[in-house]
Colleague: 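I have a structure I would like to understand better, so I am pasting it below and will then ask my questions one at a time.
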Amino acid sequence: MTSATHPVGSGLTARIRSEERDVDLALTLATGETVAVLGPNGAGKSTLVTALAGLLRPDEASIRLDGTVLAGDGTWLPAHRRGVALLAQDALLFPHLDARENVAFGPRSAGVPRRAAREAAERWLHDLGVADLADRRPSELSGGQAQRVALARALATEPRLLLLDEPMAALDVSVAPEIRRLLRRVLADRTTILVTHDVLDALALADRVVVVEDGRVVEDGPTREVLTRPRSAFGARIAGLDLIAGSMRDGRLVTPDGLAIDGTPSEPLPDGTPTVAVVSPADVAVHLDAPGGSPRNTMSATITHLEPFGDHVLVRTDVADARITLASAAELDLSPGTRVHLVVKATAVALHPARPGAPGAS
Amino acid sequence: MTSATHPVGSGLTARIRSEERDVDLALTLATGETVAVLGPNGAGKSTLVTALAGLLRPDEASIRLDGTVLAGDGTWLPAHRRGVALLAQDALLFPHLDARENVAFGPRSAGVPRRAAREAAERWLHDLGVADLADRRPSELSGGQAQRVALARALATEPRLLLLDEPMAALDVSVAPEIRRLLRRVLADRTTILVTHDVLDALALADRVVVVEDGRVVEDGPTREVLTRPRSAFGARIAGLDLIAGSMRDGRLVTPDGLAIDGTPSEPLPDGTPTVAVVSPADVAVHLDAPGGSPRNTMSATITHLEPFGDHVLVRTDVADARITLASAAELDLSPGTRVHLVVKATAVALHPARPGAPGAS
Amino acid sequence: GCGTIDGGSDTADAEERTLTVYAAASLTQTFEELGEQFEAENDGVSVQLGFGGSSDLVAQLQAGAPADVLATADETTMTSAVDDRLVDGDPEPFATNVLQVLTPAGNPADVQGLSDLARPDVQVVLCAPVVPCGAAAQRLEEAAGIDVRPVSEEQSVTDVLGKVASGEADAGLVYVTDVLGAGDAVVGIDVPEADTAVNSYPIAALAGSDHPDLAAAFVAFVLGEQGRRVLAEAGFGPP
Amino acid sequence: MRDTVGTFPRWLLVPAATSALFIAVPLLAIVLRVDWSQFGALVTSPSSQAALWLSLRTASATTVLCVLLGVPLALVLARARFRGQSLLRSLVLLPMVLPPVVGGIALLYTFGRRGLLGESLEVLGLQIAFSTTAVVLAQTFVALPFLVLSLEGTLRTAGQRYERVAATLGATPTTVLRRVTLPLVLPGLVSGAILSFARALGEFGATITFAGSLQGTTRTLPLEIYLQRETDPDAAVALSLLLVVVAVVVILAVRGNDARQAL
Amino acid sequence: MRDTVGTFPRWLLVPAATSALFIAVPLLAIVLRVDWSQFGALVTSPSSQAALWLSLRTASATTVLCVLLGVPLALVLARARFRGQSLLRSLVLLPMVLPPVVGGIALLYTFGRRGLLGESLEVLGLQIAFSTTAVVLAQTFVALPFLVLSLEGTLRTAGQRYERVAATLGATPTTVLRRVTLPLVLPGLVSGAILSFARALGEFGATITFAGSLQGTTRTLPLEIYLQRETDPDAAVALSLLLVVVAVVVILAVRGNDARQAL
Ligand SMILES: Nc1ncnc2c1ncn2[C@@H]1O[C@H](COP(=O)(O)OP(=O)(O)OP(=O)(O)O)[C@@H](O)[C@H]1O
Ligand SMILES: Nc1ncnc2c1ncn2[C@@H]1O[C@H](COP(=O)(O)OP(=O)(O)OP(=O)(O)O)[C@@H](O)[C@H]1O
Ligand code: MOO
Ligand SMILES: [Mg+2]
Ligand SMILES: [Mg+2]
């Protein structure tokens with residue numbers, strides 16, 4: 001789909017089939033695109049990325065990256081010739097090398113002279129906030145510290161395709177936003193598959209989301225679409241967000257339709273930055289008349305349809321969705337076509353920079 | 001503090017000091033109490049739990065559990081005689097045993113006959129939703145599956161003290177609530193230390209929260225207090241929630257003052273269940289007049305003080321806190337003593353069962 | 001005639017009696033044959049043979065090895081057994097052996113006699129002077145007035161045989177019995193001076209024997225007519 | 001579906017093949033020298049049969065003894081920390097360094113009638129030297145280090161993570177040993193036992209010195225080969241080949257078993 | 001601060017001590033037999049000196065050769081999967097099973113003047129028999145399996161997780177070998193090399209059969225010991241002790257180095 005906007009042969013086209021693990025996955029990525037792969041335990045996410053990395057040879061594989069055939073038609077390029085870096089859950093830092101040498105390993109393998117490789121390593125360590133650990137052996141690092149060094153090591157190879165298999169599972173919440181920001185900067189011009197359990201990762205980093213269940217792709221679409229209107233059971237359990245795209249003006253997000261939205265930026269967002277507002281429908285209140293008070297965002301909207309959702313009702317409108325209790329819906333006497341005011345507090349709106357050209361910002 | 005409500009000598013009293021790792025931590029737990037330990041990477045959380053488990057002998061340790069001296073005064077009880085189970089980030093399932101035998105390992109070590117141990121193992125596997133994996137070897141399990149089996153294995157030893165070191169880091173979000181529920185059931189009568197990065201874990205499972213930074217305890221108090229009014233930098237970064245305690249009546253939470261709150265229960269909550277409502281101050285709107293519309297919860301409150309919080313203001317009241325933008329605060333002309341209506345959508349209120357006797361519910 | 005034993009005392013034991021004979025490795029073939037013949041002549045007696053280098057055998061006896069008869073390949077080793085009071089009575093020589101020049105089949109270096117061993121183009125292996133066959137070779141060299149420069153001084157006759165039989169060495173010096181025993185792979189060349197280095201094989205019953213009568217009978221059997229015939233067939237000279 | 005293991009540099013195949021040939025060609029050379037018309041007769045002679053049977057019995061007994069003595073020693077070397085540990089490890093290495101004949105002398109000086117323990121043993125009515133027991137002791141002396149060192153290496157590489165987990169699950173050290181450590185290092189233990197068996201099967205110098213060479217009692221196959229070599233090199237070669245075949249059969253049988261368990 | 005390692009059942013100390021004593025007492029028995037008044041004279045005689053020096057030189061050369069030939073073979077055995085793999089492994093074991101004398105015969109049949117390769121070698125002007133080269137070949141033949149098997153075990157236990165990571169970082173198999181595999185298994189490689197050195201130092205049977213015994217050229221310390229034993233058992237015992245001391249010194253030196261690196 002997205003590959004249509006790129007020259008033929010660029011990006012990733014892959015199909016992986018393993019009978020033993022009951023996995024049959026097909027995936028396409030445009031060059032520079034970041035795809036988040038979500039799915040329950042045992043769905044086949046790790047199987048996919050290890051096959052792409054060339055570490056696991058499935059029954060059938062056909063993988064093409066930027067015009068090069070990595071697998072298929074009898075070809076099976078070994079891992080080291082793929083330009084594909086993989087960071088998995090376990091850091092697996094080389095125990096006999098210190099952090100600096102671990103990170104310098106990739107550049108040196110690519111022929112970069114020792115000194116330059118070390119300097120590059122130090123830059124990456126610095127970027128990931130662990131410059132002071134450069135001299136430590138992996139055995140002297142905590143789990144989280146080790147994972148950050150491993151991330152630096154994967155990034156330092158400047159791979160054509162970067163595979164991240166739950167890279168932040170071991171990082172503490174207080175540093176995750178920082179790493180996420182770094183990743184967004186890095187992933188902006190890198191083809192990346194990010195296996196994650198965290199919807200925020202998908203939101204912040206991915207152009208597209210692929211949901212895998214029981215070894216099959218059950219959803220594949222722009223992040224915005226999948227996270228707002230999930231069609232799969234797993235997607236519904238973890239997502240269902242309101243995403244409103246636009247760009248920043250005077251500290252607010254302004255949509256192409258001229259709607260201005262106050263929110264809490266996840267990082268400084270200068271004017272003109274393409275931005276997505278993320279709101280949980282649960283945080284959106286529905287009023288028949290515009291109310292006063294602290295909420296900064298009041299948006300006129302027309303109800304398109306009402307969906308029962310357990311003992312809640314999902315009120316779908318032309319602007320955003322709201323999830324309210326059955327009792328409220330009854331009291332307000334809502335029906336499709338009703339004009340309503342959607343109210344959401346600025347503090348309940350997260351403003352994330354959207355990637356230029358990413359579907360969410362289009 | 002909480003140990004005052006328990007007979008002398010019951011529960012855990014521990015002090016761990018390691019010069020090399022720059023760690024000096026003291027901790028007290030009452031019998032049956034669950035303490036969440038939060039803190040950034042490298043803070044010393046894993047050092048604490050491995051020392052408690054008897055796997056790491058620090059420079060100085062004095063540990064007393066239910067009247068038994070585990071360490072101190074020249075005593076150093078070996079791990080297997082402590083009755084302390086540890087589940088760390090890495091599942092470390094015995095690779096030569098299938099899942100069932102892994103879980104049965106603890107009971108069999110305690111002298112339970114083979115058949116009974118297997119049956120117990122199957123019950124635990126069933127409880128954790130992995131009964132169908134009983135015959136699999138660890139190499140045939142995905143990361144998440146393995147971690148669930150490891151959890152079952154730790155629980156099956158029925159330890160006097162259970163140590164969980166980020167046990168859910170590898171579990172996917174769709175199963176985390178389920179495991180959390182199971183854990184709450186199990187931890188209800190177990191002394192537990194839970195190292196976690198997830199505030200929700202602390203909320204759902206812990207009576208008390210201890211925040212560790214740079215090898216020192218920087219906060220120690222009831223979950224409610226630490227999560228609502230964090231005094232440490234790390235606490236502030238990850239917490240700052242509204243917690244309102246009461247018990248269920250007619251599907252709503254009713255506080256001792258008679259305030260009724262609508263919310264979204266995380267699980268079925270029959271009438272009479274002690275419950276905590278968890279609201280992010282960001283989701284609380286402040287109105288001068290009671291508004292109409294979908295939000296179910298309108299609470300009269302008096303502002304106690306206003307705290308600037310970046311470009312936001314934290315409006316502290318006698319009922320709950322609200323975080324609003326500076327612009328709103330200015331527009332509404334708020335000041336201490338102002339009577340306001342706090343408005344929060346039922347869908348933004350999470351209702352969690354509180355543990356009977358837990359500080360949050362008192 | 002002299003070999004039959006009918007000791008009245010061992011009626012019950014007659015079925016079970018085992019005679020242990022320690023003999024030098026170079027006696028392996030002959031003593032196996034003699035052992036069988038002795039068994040055939042003495043109902044209920046089984047002969048168990050222990051072979052090894054002569055000095056090994058003596059060392060084992062010194063360490064308490066249970067044996068009834070000892071036959072060595074030289075007098076020096078037997079003397080040390082006597083000195084250690086291991087022997088019952090005096091040892092008696094029962095055979096002699098002389099050296100022969102040995103070449104591989106086909107004799108590629110065209111060695112015709114002892115003097116050719118001194119040729120620089122001939123690769124010669126000898127026993128080391130400290131083992132019996134080496135001592136004999138040294139005496140032979142002196143008697144012949146030649147100076148052989150061996151490429152190797154081997155630990156035992158077997159090693160010399162092995163090197164020459166495989167063609168690795170062009171020539172060596174070993175006992176005539178060894179040459180006969182080795183078959184077609186090697187050719188032996190008589191040495192006129194051989195008589196100057198005759199090796200004598202002594203045999204003795206041992207002090208620690210559980211069956212002194214049987215031991216004495218075996219010694220007598222080897223020294224007797226049958227023993228002499230078997231030894232002569234193998235190339236040994238008379239004592 | 002398979003892991004893409006086997007990612008080693010292809011050029012390694014050249015030195016690896018050289019290395020394999022260096023061992024294989026000499027063995028082939030022996031096979032080529034065997035006089036096949038005589039082979040059957042040579043290896044089925046009573047003395048060969050007796051020697052083969054004795055070799056199998058003693059090498060098996062030695063392997064059992066090595067496991068019983070060697071597993072504890074390997075565990076102590078791998079898991080304990082004490083002064084003189086590396087001295088102890090060097091001590092364990094020594095029987096491999098010593099020419100076996102010297103080992104045999106040492107055993108004689110110890111268990112022989114005039115040895116250190118000889119008198120005490122004699123009082124107990126035990127005469128060890130020059131008996132089948134002596135063969136087993138001699139083989140154990142030279143084979144034990146093989147088991148200890150190979151198992152210690154496996155134990156160290158395997159690490160203690162699983163043992164630590166087992167301890168937190170309440171397993172006593174003995175239970176940990178039985179249910180975790182030993183099963184985990186089983187492949188290493190089997191390799192070590194095979195090494196010991198192999199070394200015992202080929203043992204010559206210590207046996208001839210300490211146990212002597214009596215048919216059916218102490219004359220194992222290597223001793224028989226040595227003896228035959230003096231008079232009948234063809235027989236020696238044939239018997240050597242028999243030894244090789246026996247060893248290969250045993251090794252393949254155990255390895256096969258091992259491989260099945262490893263899956 | 002230390003990990004509470006050393007959690008092995010205490011009762012293991014009993015069999016472990018028994019096992020250590022079983023090796024230590026015979027060595028002690030030798031020490032007790034040494035005639036100390038003569039010791040100096042015996043071990044400094046020209047023939048002893050020549051033998052010692054030759055032994056050290058050849059065992060060192062053998063160790064180097066074993067590493068060069070053995071590392072590739074161990075890697076192929078541990079990392080590749082091919083038909084006949086377990087047969088190849090058994091083949092590698094064989095020189096350990098064979099009585100060394102048979103090994104010597106096999107080498108003679110291969111590299112000897114009339115051996116399989118002898119003629120080709122002679123054309124090249126190489127005469128191996130009766131040379132120091134022959135000693136090194138004989139020692140390598142018996143010592144190589146030690147290095148291969150011990151290293152293969154270490155490689156298998158270490159697994160391939162780090163090698164896989166290195167490959168995804170763009171390292172060619174050769175780079176992975178040099179920068180990941182070898183450093184990780186270095187302790188195992190050092191142990192294997194020590195084993196080879198030790199086995200080479202004690203080698204007797206194959207050397208005497210294949211290389212002969214000439215002072216300064218082929219008569220290594222074990223051959224000298226064996227020879228001395230014929231006439232002067234005291235001298236043999238003294239030389240044995242010398243061999244033991246040399247071995248212990250080498251082992252401790254290398255082990256010490258190893259331990260430092262392992263920290
Ligand atoms: N080494 C293996 N051998 C055989 N089957 C395996 C192996 N590893 C995983 N599997 C199986 O393959 C399927 C896919 O597993 P995979 O590890 O790809 O899941 P995942 O989506 O990464 O799960 P998680 O979120 O738990 O990491 C599962 O059914 C799993 O049990
Ligand atoms: N094996 C070790 N040897 C020496 N120092 C260590 C070791 N493991 C951890 N440390 C150090 O001890 C300190 C405490 O580490 P610890 O593993 O207890 O942190 P943690 O709070 O568990 O971190 P994380 O959240 O990353 O798991 C850190 O400074 C770390 O670098
Ligand atoms: O019996 Mo000997 O000592 O081989 O010549
Ligand atoms: Mg996975
Ligand atoms: Mg930790």
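Below, read A as the first sequence line, B as the second, and so on, with proteins coming before strands; counting in each chain starts at 1.
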Colleague: Are C:Asp110 and C:Arg119 ion-paired here, with the side-chain N under 4.0 Å from a carboxylate O?
Modeller: no
Colleague: Let's test your reading of the structure: which of C:Asp170, C:Val160, C:Asp159 forms the most heavy-atom pairs below 4.5 Å with chain E?
Modeller: C:Asp170
Colleague: Among the options C:Glu153, C:Glu154, C:Gln123, pick out the one with the most heavy-atom pairs lying under 4.5 Å from chain E.
Modeller: C:Glu153
Colleague: Under a plain distance cut-off of 3.5 Å, with no hydrogens placed, do C:Gln29 and C:Glu33 share a side-chain donor-acceptor pair?
Modeller: no
Colleague: Checking heavy atoms, do the side chain of E:Gln127, its backbone, both or neither come under 4.5 Å from chain C?
Modeller: side chain
Colleague: Which answer fits C:Val125, side chain, backbone, both or neither, if we ask what part of it has an atom under 4.5 Å from a heavy atom of chain E?
Modeller: side chain
Colleague: Is E:Ile105 close to chain C through its backbone or its side chain, or both, or neither, when contacts mean heavy atoms under 4.5 Å?
Modeller: neither
Colleague: Can you name the one residue among E:Val136, E:Val142, E:Val135 that meets side chain to side chain contact (heavy atoms under 4.5 Å, CB included) with E:Thr62?
Modeller: E:Val136
Colleague: When heavy-atom pairs shorter than 4.5 Å are enumerated against chain C, which of E:Ser213, E:Gly212, E:Ser131 gives the highest number?
Modeller: E:Ser213
Colleague: So E:Arg114 and C:Pro104, do their side chains get closer than 4.5 Å, heavy atoms only?
Modeller: yes
Colleague: Determine, step by step, whether E:Asp234 and E:Gln38 satisfy the side-chain contact (heavy atoms from CB on, under 4.5 Å) criterion, reporting the C-alpha distance in whole Å, the side-chain angles of both residues, the deciding distance to 0.1 Å, and the verdict.
Modeller: CA-CA 9 Å; E:Asp234 285 346; E:Gln38 298 262 11; over 6 Å; no
Colleague: Can you tell which of C:Val151, C:Asp56, C:Thr76, C:Thr77 has the highest number of heavy-atom pairs within less than 4.5 Å of chain E?
Modeller: C:Val151
Colleague: Which region of C:Pro108, side chain (C-beta onward) or backbone (N, CA, C, O), has a non-hydrogen atom less than 4.5 Å from a non-hydrogen atom of chain E, or is it both or neither?
Modeller: side chain
Colleague: Regarding E:Glu203 and E:Thr220, is there a side-chain donor-to-acceptor distance under 3.5 Å anywhere?
Modeller: no
